[in-house]
Undergrad: 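Encoded as structure tokens, here's the structure I'll be asking about.
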Amino acid sequence: ALIGIFFVLFKMEIFAEKLLNVIPDKVKNFLSFFKENKRKLFSKSLIISVYSISIWCLDGFIAWIFLKSIGSENSILIVIGINAIVSIMSILTILPLGLGTMDLSALYLYNILLNVPKEKIVFILGAARFFSISTLLVMMLPLLLFQKEFIGKLYRNVLKRKKAPV
């Protein structure tokens with residue numbers, strides 16, 4: 001068995017060398033960049049992970065507030081966990097925004113784990129979606145206004161260049 005392991009490792013090394021000859025230079029450059037900048041990428045991925053976890057916690061907190069408003073007494077940690085699972089399941093589907101998958105998994109988990117009636121779960125899902133979409137729109141409003149001003153300036157500059165004599 002030990003000889004077989006060495007043989008497999010040796011064959012894998014030969015395969016890796018042959019694979020490096022086939023891989024395009026762009027991929028090799030990307031892999032070397034990734035290898036050289038591991039620490040920077042790790043720190044950025046750590047920031048992204050903390051940001052994602054905080055968004056999941058905020059989303060779970062909003063769902064917990066909606067659950068509390070309909071009279072359900074549940075642990076905030078369980079609600080955050082359910083929302084994290086639902087978010088992951090909505091990412092895994094190919095449907096836009098996890099339509100159907102997110103709703104069905106939330107309906108199942110809230111009903112089975114927390115014994116929340118299905119009508120209340122539908123209210124929670126609708127209210128949470130409305131809240132998250134309206135929050136997103138409010139956050140995007142300054143960006144859209146700035147973008148309109150920026151595009152207007154860009155358009156005026158292009159018109160000035162076209163009118164200038166050549």
Side-chain angles (χ1 to χ4, degrees), residues 16 19-20 22-158:
L19 188 64
L20 283 175
V22 177
I23 294 176
D25 288 335
K26 286 184 178 181
V27 176
K28 287 179 186 177
N29 293 339
F30 174 75
L31 291 175
S32 65
F33 171 80
F34 189 78
K35 192 186 254 186
E36 292 168 3
N37 297 310
K38 280 191 280 190
R39 289 184 185 236
K40 288 181 188 176
L41 293 173
F42 177 74
S43 66
K44 288 183 181 185
S45 65
L46 187 64
I47 291 170
I48 291 170
S49 298
V50 167
Y51 184 68
S52 297
I53 290 171
S54 64
I55 288 174
W56 281 350
C57 289
L58 181 65
D59 192 35
F61 179 71
I62 291 168
W64 180 74
I65 288 174
F66 285 131
L67 276 170
K68 212 95 164 121
S69 71
I70 59 174
S72 182
E73 293 293 327
N74 296 305
S75 169
I76 190 169
L77 294 177
I78 293 175
V79 176
I80 288 173
I82 289 174
N83 273 358
I85 292 169
V86 167
S87 295
I88 291 171
M89 292 195 60
S90 68
I91 291 170
L92 295 178
T93 183
I94 60 170
L95 297 172
L97 295 174
L99 291 175
T101 308
M102 182 177 132
D103 303 323
L104 186 63
S105 58
L107 188 69
Y108 179 77
L109 290 172
Y110 279 120
N111 193 4
I112 296 298
L113 296 177
L114 302 179
N115 296 323
V116 178
K118 293 177 183 173
E119 297 83 17
K120 292 182 179 182
I121 298 170
V122 171
F123 165 74
I124 292 167
L125 291 173
R129 277 215 177 126
F130 175 77
F131 184 78
S132 62
I133 290 172
S134 61
T135 304
L136 180 64
L137 289 176
V138 167
M139 288 172 45
M140 284 178 46
L141 190 61
L143 178 66
L144 292 174
L145 292 175
F146 173 74
Q147 184 178 9
K148 182 180 176 185
E149 181 181 319
F150 175 73
I151 290 174
K153 285 181 182 178
L154 184 66
Y155 181 68
R156 285 190 295 275
N157 287 338
V158 168

Undergrad: For Val79 and Ala63, which heavy atoms make the closest approach, and how far apart are they?
TA: CG1-CB, 3.9 Å
Undergrad: Out of curiosity, Phe61 CZ to Phe66 CZ, how far, rounded to the nearest 0.5 Å?
TA: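 The CZ atom of Phe61 sits 11.0 Å away from the CZ atom of Phe66.
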Undergrad: Using residues 108-128 as the side-chain source, report each donor-acceptor pair under 3.5 Å to any protein atom, sequence neighbours left out, with the distance given to one decimal.
TA:
unit_1, atom_1, unit_2, atom_2, d
Tyr110, OH, Asn83, OD1, 2.9
Lys120, NZ, Ile70, O, 3.4

Undergrad: With heavy-atom distances below 4.5 Å as the criterion, would you say the side chains of Ile76 and Lys68 are in contact?
TA: no
Undergrad: Kindly write out the residues that satisfy side chain to side chain donor-acceptor pair (under 3.5 Å) with Asp59, not counting sequence neighbours, or none if the list is empty.
TA: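 So Asp59 forms no side chain to side chain donor-acceptor pair (under 3.5 Å) with any residue.
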Undergrad: Once rounded to the nearest 0.5 Å, what's the spacing between atom SG of Cys57 and atom CD1 of Ile62?
TA: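 The distance works out to 11.5 Å.
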Undergrad: For Gly60 versus Ile80, what's the shortest heavy-atom pair and its separation?
TA: CA-CG1, 3.9 Å
Undergrad: Determine whether Leu107 and Asp103 make a side-chain contact, defined as any pair of heavy atoms from C-beta on separated by less than 4.5 Å.
TA: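 Answer no - side chains too far apart.
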Undergrad: Verify, without hydrogens or angle tests, whether Trp64 (side chain) and Ile78 (backbone) share a donor-acceptor contact under 3.5 angstrom.
TA: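 Side chain of Trp64 to backbone of Ile78: no pair is present.
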Undergrad: Applying salt bridge (Lys or Arg N to Asp or Glu O under 4.0 Å) as the test, list every pair that has at least one member in residues 84-96; sequence neighbours left out.
TA: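 Found none.
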